[in-house]
2 protein chains.
Amino acid sequence: MLKYQAIAEDLRQKITQGTYQPDDQLPLTSELEKIYHASKMTIKRALDHLESEGLIVKRRGSGTFVKGLAMNDLDKLIRHSRSQLFGMSKVYAGHAVTSKVRVFEIVTAPKEVKTQLRLNHETFVYRIVRVRLLDGTPFSLETSYMPIFLIPNLRRQHAEQSIFSYIRDSLHLKIQSAHRIVRVRGANSQESAELHIASDSPVAVVQETYFLASGIPFNYSVTTHEPKHFALETVIID
Amino acid sequence: MLKYQAIAEDLRQKITQGTYQPDDQLPLTSELEKIYHASKMTIKRALDHLESEGLIVKRRGSGTFVKGLAMNDLDKLIRHSRSQLFGMSKVYAGHAVTSKVRVFEIVTAPKEVKTQLRLNHETFVYRIVRVRLLDGTPFSLETSYMPIFLIPNLRRQHAEQSIFSYIRDSLHLKIQSAHRIVRVRGANSQESAELHIASDSPVAVVQETYFLASGIPFNYSVTTHEPKHFALETVIID
DNA sequence: GAGTGGTCTAGACCACTAT
DNA sequence: TAGTGGTCTAGACCACTCT
């Protein structure tokens, strides 16, 4: 683990454990330099991370302070910021997230998929449709496309567990970033049936394109979320 | 303007103007150092910004590349990343964003508002309800609360224009960050009337708390968005 | 092995806040 | 005016990719 990450992690813990409480002032950067035997830039970087997670506020001329939120909210921010690029599995720690695979097939990439994944020629892609459940209750319906030449040997069994784990742990590929668009509309008949909601009931539609560290998009997915459990939290800085 | 911002801005332009095209490799960091007479760290910082906007991809050992997206998408990313903390006004450049003020009053802060704005005692807050229109068509209904002791002398006229402009330009306060939660539900009767949609039509509900550079929350708002024009885009890194 | 970007440092100097 | 965090530098060393 990198030094600035370790420092951020340590401060994060001290905030959740109450060593530093909401509205408390953190030690001065000059003091943090001594505490962690790090340079000014490294300390700044660690603090920048915590700031982008919404945990602290820096005031030039005054000091650095824990954001004045309920501990509950601070906890939520931490859990949330760690799960940005991963499945829902981490957000719902303590709950069982499972999947029912409805479709697992290989097709030639449809037009929208070709565009999103920047495929110029006819290309075979997995088409995977899954219902995701939280403690047995369905909360989302996901349709996902991945080129087979990028993600070889994917099996139905992986889709039942975590596709991302397979990509990271078995293929040793790094997921670097994602573009996400959230929209709203009424549920269609399949969605209402799978998510146990009235037809035309409001749903959140999340369209995502995931990129590998190489910059290549490898996954295009459209996920429909049942309204009751859907909540997308973000912290905006600057 | 800071050096790393100027460098980022210059590269951003070169990307939109096509000097560097999608999938092109940018000059090496060592070359950028010479071009901009800047140190490695400063170049890195500029590139980090562009990366967090989703415009470029860095590959250790290989180089830095423009993300392989349609120019159209790159443009969208740029416009979007600049408008994170501002009103919708900038996203819809070229279109007229106007407001109709439905309520402009001062009330004692309701419970939820007291919680979100961390008010311990009875406190007077503005309660402002606005319909926002794009080229004359309503797209959102916003209810906004701000303590009068933080934002003095706010007038109905400011709410008809831009409240944030008043805060920044007249009060000289800096808006530093915001926490945002997006949810989905059916429209109530007021929303359906104001937004010209069927009752129970799906709407996006965006709940936001804005913070000043001092770390103090000064604005709590709940905005209901008509589904057709609502699209919230995000880039997730790391 | 040659070449890429990443981390970290020590220190100069700047911008802002408080008193 | 003293003290805070911010920017920027020059350079050492590290991690990764490609051949």
Side-chain angles (χ1 to χ4, degrees), chain A residues 1-11 20 24-52 55-67 168 171-177 211-216 237-238, chain B residues 1-11 20 24-52 55-67 168 171-177 211-216 237-238:
Chain A
M1 180 179 263
L2 299 172
K3 194 162 183 175
Y4 79 91
Q5 289 175 334
I7 296 170
E9 176 62 25
D10 189 64
L11 290 170
Y20 304 128
D24 273 5
Q25 179 165 12
L26 291 188
L28 305 180
T29 39
S30 56
E31 289 165 6
L32 291 172
E33 288 173 33
K34 286 170 202 153
I35 294 173
Y36 294 106
H37 304 287
S39 73
K40 194 171 178 178
M41 286 296 289
T42 303
I43 296 296
K44 182 185 182 306
R45 217 169 158 188
L47 294 178
D48 281 346
H49 258 248
L50 298 179
E51 187 180 33
S52 78
L55 288 175
I56 63 169
V57 182
K58 290 183 285 180
R59 286 184 239 165
R60 194 192 302 218
S62 306
T64 304
F65 302 81
V66 178
K67 231 179 203 175
R168 272 204 310 274
L171 298 181
H172 303 291
L173 294 172
K174 274 193 194 148
I175 301 168
Q176 200 250 2
S177 66
F211 296 79
L212 296 172
S214 59
I216 296 174
I237 301 283
D238 239 340
Chain B
M1 181 180 265
L2 298 172
K3 196 162 184 177
Y4 80 91
Q5 289 174 336
I7 296 171
E9 176 61 25
D10 189 63
L11 290 170
Y20 304 128
D24 274 4
Q25 179 166 11
L26 291 188
L28 305 179
T29 38
S30 56
E31 288 166 7
L32 291 173
E33 289 173 33
K34 286 169 203 156
I35 294 173
Y36 293 108
H37 305 286
S39 73
K40 194 173 179 177
M41 287 296 289
T42 304
I43 296 295
K44 183 185 182 305
R45 216 168 159 190
L47 294 178
D48 282 347
H49 257 247
L50 298 179
E51 187 180 33
S52 77
L55 288 174
I56 64 170
V57 182
K58 290 183 285 181
R59 287 184 239 165
R60 194 195 294 221
S62 305
T64 304
F65 302 81
V66 178
K67 230 178 204 173
R168 272 203 311 273
L171 298 182
H172 303 292
L173 295 172
K174 275 192 193 151
I175 302 169
Q176 199 251 2
S177 67
F211 295 79
L212 295 172
S214 59
I216 296 174
I237 300 283
D238 235 343

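Reminder, nothing fancy here: chain letters follow the sequence lines and each chain counts from 1. What you see is a predicted model; the values in this text were computed from it and never measured.
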Novice: For the residue pair A/Ile35 and A/Ile7, establish whether any side-chain heavy-atom pair is separated by less than 4.5 Å.
Specialist: no

Novice: Considering all heavy atoms of both residues, which atom of A/Leu50 and which atom of A/Ala8 are nearest to each other, and what is their separation?
Specialist: CD2-O, 3.8 Å

Novice: So, using ring-ring contact (aromatic ring centres under 6.0 Å, His included) as the criterion, who are the partners of A/Tyr36 when residues are at least two apart?
Specialist: none

Novice: Which residues satisfy the salt bridge (charged side-chain N to carboxylate O under 4.0 Å, His left out) test with A/Lys58, sequence neighbours excluded?
Specialist: A/Asp48, A/Glu51

Novice: Supply the atom-to-atom distance A/His37 NE2 to A/Ile43 CD1, rounded to the nearest 0.5 angstrom.
Specialist: 10.5 Å

Novice: Please list, for nucleotides 16-19 of chain D, all pairs of protein and nucleotide N/O atoms separated by less than 3.5 Å.
Specialist:
residue, atom, partner, partner atom, Å
D/dT17, O3', B/Ser62, OG, 3.2

Novice: Identify each donor-acceptor pair in which a side-chain atom of residues 24-34 of chain B lies under 3.5 Å from a protein atom, sequence neighbours left out, and give them as a table.
Specialist:
residue, atom, partner, partner atom, Å
B/Asp24, OD2, B/Gln21, N, 2.9
B/Gln25, NE2, B/Ser62, O, 3.3
B/Glu31, OE1, B/Leu28, N, 3.4

Novice: Near DNA chain C, under 4.0 Å by heavy atom, which residues of residues 37-50 of chain A?
Specialist: A/His37, A/Ala38, A/Ser39, A/Met41, A/Thr42, A/Arg45

Novice: I'd like the 5' and 3' limits of the part of DNA chain C contacted by chain A, with heavy-atom contacts below 4.0 Å.
Specialist: C/dT7 to C/dA18

Novice: Can you name the ring-ring contact (aromatic ring centres under 6.0 Å, His included) partners of B/Tyr4, sequence neighbours left out?
Specialist: B/His49

Novice: Would you give the length of the straight line joining atom CD of B/Gln176 to atom CD1 of B/Ile216, rounded to the nearest 0.5 angstrom?
Specialist: 12.0 Å

Novice: If the condition is side chain to side chain contact (heavy atoms under 4.5 Å, CB included), which residues does A/Ala6 pass it with, not counting sequence neighbours?
Specialist: A/Met1

Novice: With A/Ser214, which residues qualify under side chain to side chain donor-acceptor pair (under 3.5 Å), at least two apart?
Specialist: none

Novice: In chain order, what residues pass the side chain to side chain donor-acceptor pair (under 3.5 Å) check against A/Ser52, with sequence neighbours excluded?
Specialist: none

Novice: Can you pull out the residues from residues 26-36 of chain A that lie within a 4.0 Å heavy-atom distance of DNA chain C?
Specialist: none

Novice: Would you name the heavy atoms of A/Ser177 and B/Ile237 that are closest together and state the gap between them?
Specialist: CB-CD1, 3.7 Å

